[in-house]
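Below is one structure; the comments refer to it alone.
Remember, it's a predicted structure, so these values are computed and weren't measured experimentally.
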Amino acid sequence: MPLFANNPDRTSWLHVDKNSDFPIQNIPFGVFLTRDDIITIGTRIGDTAIDLGALHQLGYFEGIPLTDDIFLQDTLNDFIADGRKTWRSVRNRIAEIFDDSNDSLKHNVKHKEIVLFRLDEIEMQLPVQIGDYTDFYASKEHATNVGTMFRGADNALMPNWLHLPVGYHGRSSSIIPSGIPIHRPNGQTLPAGADAPVFGPSKLVDFELEMAFITTDANDLGEPIPVEEAEEYIFGLVLFNDWSARDIQKWEYVPLGPFLGKNFASSISPWIVTLDALEPFRVDTPKQSPKPLDYLQFKGKKSFDINLEAAIKPQGAKETIVSRSNFKYMYWNMAQQLAHHTVNGCPVNSGDMMGSGTISGPTEDSFGSMLELTWRGEKPIKMKDGTERKFINDHDTVIMRGYCENDDVRIGFGQVKTELLPVYKK
């Protein structure tokens, strides 16, 4: 089915700022609470939120085989489970409805009052019920930096790293949408020079600049997904801040990997940008050497040119951008990640989320975590207010943004914004 929604020449009768992340060519999907306290599935063009449940009830999706309640739900899971044909049909129809040349809704004041909302009239929710969450460790620059810190340059990458997308199973219950604050976690740490651990607040809370992709129902137990088919089961992407407590993580991670140092919170942007919307921004995956095993070999451009940035905003001060990176730096692409995840027959469901792992680039200003940016705290970063940061302080707000841009269009993700509060106290 053609991607009519991606037509770069299309303009909308809704107002869209020149540098908006959400032109009519984007049409992301999310879930929001309306001014009438009704939860609905929606999309966004410019700074206008669109109630797809109301649009459907008013007959604007006639001819597309949708159940009556497909958009009248508090998650996107069922819509995602309908598959790519449905997603494309709905995006194409939305583009048609809001095209500047289409008068069907444009001049219907009564319908517009029901369907359209200002952003200050809605409250964004978690877009999917995340049944399972996997986090990969797929940036070669990041893995090399961390390995160098803890094992030395000669042993930076573990022997398996260049042969498979390393990952671990995370905790979906602590994934939250942008805007919800989190608390500094408590846990066990081993102070420098000590022989026994102590319990208390983490002193090394860090962000991880990531993206995550959302899957649809893909396979039965025992059935692998071939790498060449993997993208058929990827609905779209969000920005992802996978918070980390480095001191807790360092003490606990041997032999089974991340646990309490990672599962206290992960934050995502609320609008899912579809893989279809990102189609114009495909790029080559970095050269992989040695050549991957057959089941991980692919053809074509499977990576995406997505500009990323992370900023820290101290309480009462202006933000300081501390990192500028790009999703295209990922050594293992999404198709390879999903193919590897299922090669043993692991089933994937609608609404599952796969984190990319920290996305670091080749230069120091493109590193995707404070662990790397300050090199374990040895090189503090100065904020605009004159203070310094080795890691994240209480009441700091971490803001991440992402967008794609070419000569024709800009497609963005908005932001994921989270404040770190002190340790939770009753």
*asked:* Determine whether the aromatic ring centres of residues Phe29 and Phe79 are separated by less than 6.0 angstrom.
replied: yes
*Can you establish whether the number of heavy atoms outside Gln125 located under 6.0 Å from its atom CD is more than 12?*
yes
_Would you say Asn6 and Asp276 are linked by a side-chain donor-acceptor pair, where the criterion is simply a distance under 3.5 Å?_
no
*asked:* Using the rule given for salt bridge (charged side-chain N to carboxylate O under 4.0 Å, His left out), can you reason through Asp82 versus Lys85, listing the C-alpha separation, both sets of side-chain angles and the distance that settles it, and then say yes or no?
replied: CA-CA 8 Å; Asp82 262 10; Lys85 184 178 179 181; over 6 Å; no
*Got a salt bridge between Asp396 and Lys313, using NZ or NE/NH1/NH2 to carboxylate O under 4.0 Å?*
no
*Does Glu231 pair with Arg282 as a salt bridge, N-O distance under 4.0 Å?*
yes
*Does Ile182 reach the side chain of Tyr424, with side-chain heavy atoms less than 4.5 Å apart?*
no
*Indicate the atoms forming the closest heavy-atom contact of Thr134 with His341, along with that distance.*
OG1-NE2, 2.7 Å
*Take atom CD of Glu279 as the centre, draw a 6.0 Å sphere, and report whether it contains more than 12 heavy atoms from other residues, nucleotides or ligands.*
yes
Do any side-chain atoms of residues 155-162 form donor-acceptor pairs under 3.5 angstrom with protein atoms, and if so which ones, sequence neighbours left out?
| residue | atom | partner | partner atom | Å |
| --- | --- | --- | --- | --- |
| Trp161 | NE1 | Tyr137 | O | 2.9 |

*For Ile225 and Ala230, which heavy atoms make the closest approach, and how far apart are they?*
CG2-CA, 3.8 Å
_My understanding is that only residues two or more places apart in sequence, or in another chain, count here; which of them pass salt bridge (Lys or Arg N to Asp or Glu O under 4.0 Å) with Arg401?_
Glu309, Glu319
*Keeping to residues at least two apart or across chains, list the salt bridge (Lys or Arg N to Asp or Glu O under 4.0 Å) pairs with something in residues 165-192.*
Arg184-Asp394
*Would you call Arg246 and Glu208 a salt bridge, taking side-chain N to carboxylate O under 4.0 Å as the test?*
yes
*Ion pair check, Arg151 and Asp154, cut-off under 4.0 Å*: no
*With a cut-off of 6.0 Å (strictly less than), are more than 12 heavy atoms of other residues, nucleotides or ligands near NZ of Lys302?*
yes
*State whether Arg10 and Asp99 are salt-bridged, where the test is any N-O pair (Lys NZ or Arg NE/NH1/NH2 against Asp/Glu carboxylate O) under 4.0 Å.*
yes
*Sidechain N-carboxylate O distance under 4.0 Å for Asp21, Arg410*: yes
*Taking the six-membered ring for Trp and the single ring otherwise, decide whether the centroids of Tyr253 and Phe259 are under 6.0 Å apart.*
no
